Amino acid sequence: MAAFKSIPGTFDILPDGYTSGGDYVAPVHVWRRLEEVVRDVMSQYGAAEIRTPILEPTELIARGVGASSDIVTKEMFAFERGSTNYVMRPEVTAPVMRSYLQHSLAQKGGTQRLYYIGPCFRAERPQKGRYRQFHQFGLEVIGAADARADAETIVSLRDILERLGIKQYSLRLNSLGDAESRPAFRQALVDYFTPLEAELTEVSRNRLRTNPLRILDTKVEKERALLENAPRLTEFLNEESKAHHELVKEYLDSAGISWIDDPFLVRGLDYYSRTTYEFESPLLGAQSSIAGGGRYDLLSKEVGSKEAIPAVGFAAGMERIIMAMMAEEISEGEQDRPDVFLVALGDAAIAWTFSAATRLRQKGLKVTYDLRGRSMKAQMREANRQNARFVAIAGDDELVSGQVQLKDMAEGVQEALSLDEIAPRVASSPS
RNA sequence: GUGGUCGUAGCUCAGUUGGUUAGAGCGCCAGGUUGUGGCCCUGGAGGUCGGGGGUUCAAUUCCCCUCGAUCACCCCA
C-alpha cells in the first residue's frame, strides 16, 4: 500500500492505460488525441483558445450560478485566504465572460469565438463519469444574438464527436424563452404544482421551492403524468423567442443534424435563455450527458456588465467523451515511439550512447537507451517494449570501425552504418 | 449529505467451513542464447490479505469502527 494516494475523485493519467477499482483510465495519448481534434475543429470555426486561471473570485462563480447557495457552500472547492475568497473553477463559462469584460474584448471588433480546454473542480461525491477534478472543453461565442451562433456551437460539437468516431449520441433541444417569459413560466409552474404538492415526492417538493424548472426533469412515473397537464414552456415564449428557436432548428436541419425537441429539457441556472441543448450517450450510465450548452444572454449583467451581452456556448465533459470512445472501442491514436534505441555492449559503448544519442537527437530523431547497464538481451527487450523502430547496436568492434549495426525491428534485418547515415536511413523508412 | 455492493501481489482474480511458509494467470526481473527483441521453457522478486479495535489458544477468514473503491440517489454550473 503506497503511503500517499491521489485525492478521492481525482486520478492520474499515465502514459499507459490502467484500471483502478475496475475503472479504466485511458492512456495519455487518448487525451491528446481528443485535444487535437478539439483544437482542429475549433480553428475551423474561427475560435481562438483562451486560458483562464484555475482560481477565481468566489463571488464571480456565485453570481454566475445565481443564488442557489447550496452550490457555492457544498459543491465547490472554495476557501478564504486573507480577505479574499477563492474558488477552484467549477466551470469555465463565467471565467471566460469575466475575462471578456476585464479585457474589453468587445473592443476587438465584433464577436469573440473563444474555446478552452482544462480542468474544473466540484466537491461532489464521485461516481461513474463524475469526478472532483474533471476536464472540460468548451466554446463560448460572445457578442452574437444571431441564431446562426446557437446552431454553430451545436454543429461544431457534432463535428468533434464525428471526428472522434463517436456514433452513439443524441441531441436534445429546447428553448427557455427570454427574461420575461421565463419567470412567467416559472410562476405558472409553481401555481400549478402547489395545490398538488401532496402528490409530489419529497425531492420535487424541495425543487418546487428552490428550482421549480427542475421538476420537469423528474423520472417518477406519477409525476410525469402530472406534467402532462402542466403549463408548457412553449406557450410562454414570445414571438421573438419562437422565431429564434425555429431558425436554430432550420440551421441544424441544413447541417444534417438530427435533434429531439424536448420541452422538458431545462438548465438549473437563471442566466440561461432561449436555446438550451444537451448531447447524451447511451453508454455512460446515470451520468449520460456528454456535453451541454445554450444561450446565456443574461450572464454578462450578472457578473458586472452594464449592458447585456448576448452569448451562447457549450461545455463538454472530456472524461465522458473518452468513456464513450472506449465503449465504442475507438482506436485512439498512437503512443509515442522512439525512432532509435541504442544498445551498448561494454563500458566504452555505454559512454558512447550518450554522445550518440545527443547527436541523433540534434538531427531530430527520437532516441532512447537503457540507463541501467543491463545485458544485451534486456536492452533488446526494452527496445521492443518501447516499440522502437530501429535499434543501433554498438560494441568494441563498432566503436573501432565507426559503424554500428542498425536493426529494423519490424523487418528483423540489420546493416552496418556510420552514425551520420542513421538519420537519412530512418527517414527513408516508412514509420 | 443518503443508500447498495466491494476491498487478497503492479493488474485480473482464486483461496482459507478460523489452524504451520497465502496461490494462479498476466506483467516485472533473470537464465536458457559466449553480441540480437517478439514465441517457448526454467527460475526469481513482489503481499504486515485496506487500516484500527474486539471475540478466540489461534483472525486474511467472525463482529464493530474507520478509510478507500464502485454504483445509484441528491445535485448537476
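Since this is a predicted model, take the numbers as computed values, not measurements.
Annotation: A22(B) and G44(B) have their P atoms spaced 16 Å apart (nearest Å). For U17(B) and C62(B), the C1' atoms lie 12 Å apart once the distance is rounded to whole Å. Between U55(B) and C64(B), the two C1' atoms lie 11 Å apart (nearest whole Å). Nucleotides U21(B) and G35(B), compared at atom C1', are 41 Å apart to the nearest Å. Comparing the C1' positions of G46(B) and G25(B) gives a spacing of 15 Å, expressed to the nearest Å. The C1' atoms of U5(B) and C75(B) are separated by 22 Å, rounded to the nearest whole Å. Here, U12(B) and G50(B) have their P atoms 15 Å apart, quoted to the whole Å. For U16(B) and U8(B), the C1' atoms lie 11 Å apart once the distance is rounded to whole Å.
Counted within 6.0 Å of CZ on Arg32(A), heavy atoms from surrounding residues, nucleotides or ligands total 12 or fewer; the atom is thus considered open.
In this structure, Met76(A) places its CE atom 13 Å from C1' of C75(B), rounding to the nearest Å. The interatomic distance linking Tyr131(A) (OH) with A69(B) (C1') rounds to 11 Å, in whole Å. If you measure from atom CH2 of Trp352(A) to atom P of G35(B), you get 17 Å, rounded to the nearest angstrom. The interatomic distance linking Tyr18(A) (OH) with U12(B) (P) rounds to 12 Å, in whole Å. Between the CD atom of Gln287(A) and the C1' atom of C74(B) there is a distance of 11 Å, rounded to whole Å. For the pair Glu75(A) CD and G1(B) P, the computed distance is 11 Å after rounding to whole Å.
Across all strands shown, U34(B) forms no Watson-Crick or G-U wobble pair with both distances under 3.5 Å. With a cut-off of 3.5 Å on both pairing distances, U21(B) has no Watson-Crick or G-U wobble partner at all.
For the pair Asn211(A) and C76(B), the criterion of a side-chain N or O lying under 4.0 Å from OP1 or OP2 is met. For C76(B), neither phosphate oxygen OP1 nor OP2 lies less than 4.0 angstrom from any side-chain nitrogen or oxygen of Ser289(A).
The CG atom of Leu265(A) sits 10.5 Å away from atom OG of Ser175(A), with the distance rounded to the nearest 0.5 Å. Residue Arg425(A) holds its CZ atom at 12.5 Å from CG of Leu365(A), rounded to the nearest 0.5 Å.
Distances were taken from every side-chain heavy atom of Asp23(A) (C-beta onward) to each of C74(B), G35(B), U70(B); the shortest belongs to U70(B). For Met376(A), the listed nucleotide lying nearest its side chain is U36(B); candidates were U36(B), G68(B), G37(B). Here the side chain of Ile393(A) is nearest to one of U36(B), A77(B), G38(B), namely U36(B).
At a threshold of 4.0 angstrom between heavy atoms, the contacts of Val203(A) are confined to the sugar-phosphate backbone, with no base atom among them. Within 4.0 Å (heavy atoms only), Glu398(A) reaches at least one base atom of the nucleic acid. Residue Ala286(A) is classed as a sugar-phosphate contact, given heavy-atom separations below 4.0 Å to backbone atoms only. If you check every strand for non-hydrogen atoms under 4.0 Å, Arg207(A) touches sugar and phosphate atoms only. Within the 4.0 angstrom heavy-atom criterion, base atoms lie near Gly412(A).
Counting distance only, with no hydrogens placed and no angle test, the side-chain atoms of Gln414(A) and the base atoms of U36(B) include a donor-acceptor pair under 3.5 Å. A donor and an acceptor atom never sit less than 3.5 Å apart when one is taken from the side chain of Asn384(A) and the other from the base of G38(B).
Judged purely by atom type and a 3.5 angstrom limit, Glu328(A) uses its side chain to pair as donor or acceptor with the backbone of Gln168(A). One N or O on the side chain of Glu223(A) and one on the backbone of Thr201(A) form a donor-acceptor pair closer than 3.5 Å. No donor-acceptor pair closer than 3.5 Å links the side chain of Arg214(A) to the backbone N or O of Ser204(A).
Between Asp150(A) and Arg295(A) there is a salt bridge, since at least one side-chain N of the basic residue sits less than 4.0 Å from a carboxylate O of the acidic one. Under the 4.0 Å criterion applied to side-chain N and carboxylate O atoms, Lys363(A) and Asp420(A) are assigned as salt-bridge partners.
Below 30°, between 30° and 60°, or above 60°: for Phe314(A) and Phe137(A) the angle between ring planes is above 60°, a perpendicular geometry. Note: Phe79(A) and Tyr86(A) have parallel aromatic rings, judged against thresholds of 30 and 60 degrees for the angle between ring planes.
For the pair Gly9(A) and Asp217(A), both in contact range of RNA chain B, the more 5′-proximal nearest nucleotide belongs to Gly9(A).
Taking every heavy atom of residues 118-130 of chain A and every atom of RNA chain B, pairs under 4.0 Å involve Arg122(A), Glu124(A), Arg125(A), Gln127(A), Lys128(A), Arg130(A), by number.
The aromatic ring centroids of Phe341(A) and Tyr369(A) lie 6.0 Å or more from each other.
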Could you write out each protein N or O paired with an N or O of nucleotides 28-31 of chain B at a distance under 3.5 Å?
from: C28(B); atom 1: OP1; to: Arg385(A); atom 2: NH1; distance (Å): 2.5
from: C29(B); atom 1: OP1; to: Arg374(A); atom 2: NH1; distance (Å): 3.2
from: C29(B); atom 1: OP1; to: Arg385(A); atom 2: NH2; distance (Å): 3.1
from: A30(B); atom 1: OP2; to: Arg381(A); atom 2: NH2; distance (Å): 2.6

For residues 192-199 of chain A, which side-chain donor-acceptor pairs fall under 3.5 Å, sequence neighbours excluded?
from: Tyr192(A); atom 1: OH; to: Leu226(A); atom 2: O; distance (Å): 2.6
from: Thr194(A); atom 1: OG1; to: Val190(A); atom 2: O; distance (Å): 2.5
from: Glu197(A); atom 1: OE2; to: Arg209(A); atom 2: NH2; distance (Å): 2.7

